[in-house]
Protein chains: 2
Amino acid sequence: MAANSKFAVAVHALAVIAHHSDERHTSRAIAGSVATNPVVIRRLLSQLAKAGLVESAHGAKGGFTLAKPAARITLLDVYHAVEDCGGLFAEHAKKNEKCPVACRMSGILKGVFARVQSKIAPELKRTSVADIVSQLG
Amino acid sequence: MAANSKFAVAVHALAVIAHHSDERHTSRAIAGSVATNPVVIRRLLSQLAKAGLVESAHGAKGGFTLAKPAARITLLDVYHAVEDCGGLFAEHAKKNEKCPVACRMSGILKGVFARVQSKIAPELKRTSVADIVSQLG
DNA sequence: CCATAATGTAACCATTGTAGTCACATATAC
DNA sequence: GTATATGTGACTACAATGGTTACATTATGG
């Protein structure tokens with residue numbers, strides 16, 4: 001379970017909320033659909049709240065709602081809110097500073113990774129949470 | 001160090017080999033440039049060998065060479081050879097089978113992930129190991 | 001034929017990131 | 001005031017990765 005499922009869970013959670021956007025949804029209810037622990041959901045939605053995607057209400061009758069219309073929340077917003085670890089790829093931590101090849105590789109790889117990243121952003125931006133909900137049928 | 005640096009190390013190793021493609025390169029020499037352990041390099045190049053990107057020779061004067069011209073080894077080839085864990089993203093391991101939203105999410109997310117992947121492939125295909133080497137100056 | 005030098009791999013340890021869990025402070029509704 | 005939420009810190013469990021040691025295998029070259 002070491003894979004990065006945060007993005008998937010976040011999209012799932014937002015879809016659950018957006019599916020009945022007039023109601024408040026508790027972390028417990030969302031966790032029921034995702035099959036995980038309510039705390040995991042609260043931690044994740046806490047990140048989304050900081051990014052301005054959801055709002056939370058404490059206390060009885062509390063829970064989560066969308067902070068803006070589902071059509072205006074893109075998967076890129078979700079990705080940025082959740083993906084704190086940087087990019088998809090990673091460079092090797094160390095390198096031999098004395099090797100001329102190694103010294104240049106760092107910059108070259110950075111360029112390659114940046115170009116790849118720039119291709120996925122538009123794709124994620126094209127899909128909104130509303131699109132996801134519409135596919136729920 | 002939990003990030004996925006295999007791709008970066010593989011590209012680095014291939015660049016080292018391609019930079020002097022007339023010589024054999026030992027795992028020890030390559031590891032020196034990457035600043036890691038020779039076994040790590042051998043394990044990685046073993047995967048690349050299975051994918052037909054490099055060839056290895058046992059014994060004294062042994063080592064690694066490219067299996068085909070650097071211009072014909074694309075970063076997509078490297079990516080496929082190395083990235084055994086599937087895609088960039090992952091679904092949540094479990095889900096609530098009784099929840100109609102959860103049941104549909106799996107398919108929807110698969111579609112999203114596939115569309116994103118399809119965008120990065122052409123970008124990786126566009127760059128060859130020869131291109132990397134030419135950037136080494 | 002034997003020493004040397006290299007890959008291929010299995011086995012193991014250390015580190016790290018994620019998920020999951022418990023506990024509790026805080027806030028809100030009725 | 002009680003019941004019901006979120007927010008968060010602390011902790012455990014687990015899986016993936018990288019690193020290391022060890023050793024079998026294979027090839028070269030005197």
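- Checked against C:dG8, C:dA19, C:dT9, the side chain of B:H92 finds its nearest nucleotide in C:dA19.
- Between B:S5 and D:dG18 there is a side-chain polar atom (N or O) within less than 4.0 angstrom of OP1 or OP2.
- With no hydrogens or angles considered, no side-chain donor-acceptor pair links B:S134 and B:D131 at under 3.5 Å.
- Atom CZ of A:R28 has 12 or fewer heavy atoms from other residues, nucleotides or ligands within 6.0 Å.
- Counting all heavy atoms, side chain and backbone alike, A:V16 lies closest to A:H25 at O-CE1, 3.7 Å.
- Across all their heavy atoms, A:R104 and B:Q135 have their closest contact at CD-O, 4.4 Å.
- Following rounding to the nearest Å, B:Q47 (CD) and D:dT17 (C1') show an atom-to-atom distance of 12 Å.
- Residue A:R24 contributes atom CZ, which lies 18 Å from atom P of D:dT4 at whole-angstrom precision.
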Task: Letter per nucleotide, 5' to 3', of nucleotides 25-30 of chain D [B base touched, S only sugar-phosphate touched, - untouched; heavy atoms, 4.0 Å] - done: -BBS--
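- Of all heavy-atom pairs spanning B:I132 and B:A15, the tightest one is CG2-CB, 4.1 Å.
- With contacts defined as side-chain heavy-atom distances shorter than 4.5 Å, the pair B:K50/B:S46 qualifies.
- For the pair A:K6 NZ and C:dG20 P, the interatomic distance rounds to 13 Å; values are reported in whole Å.
- Taken residue by residue, residues 27-42 of chain A places heavy atoms nearer than 4.0 Å to DNA chain D at A:S27, A:V39, A:R42.
- Here the closest heavy-atom approach between residue A:S128 and residue A:A70 is recorded as CB-O, 3.7 Å.
- Residues A:C103 and A:E97 approach most closely at SG-O, 3.0 Å, considering heavy atoms.
- Phosphate proximity of D:dT6 to A:H25: absent, as no side-chain N or O sits under 4.0 Å from OP1 or OP2.
- C:dG17 atom P lies 14 Å from atom CD of A:E83, rounded to whole Å.
- For the OP1/OP2 pair of C:dG20 and a distance below 4.0 Å, the side-chain nitrogens and oxygens of B:K94 include at least one atom meeting the criterion.
- Ranking C:dT9, D:dT8, C:dA6 by closeness to the B:T26 side chain, first place goes to C:dA6.
- Using a distance-only test at 3.5 Å, with no hydrogens or angles considered, a donor-acceptor pair links the side chain of A:Q47 to the main chain of A:A81.
- Residue side chain B:R43 reaches the base of D:dG19 through a donor-acceptor N/O pair under 3.5 Å, judged by distance alone.
- Put simply, CG on B:L48 is 14 Å from P on C:dT7, counting in whole angstrom units.
- A:L44 has its CG atom 11 Å from the P atom of C:dG20, to the nearest Å.
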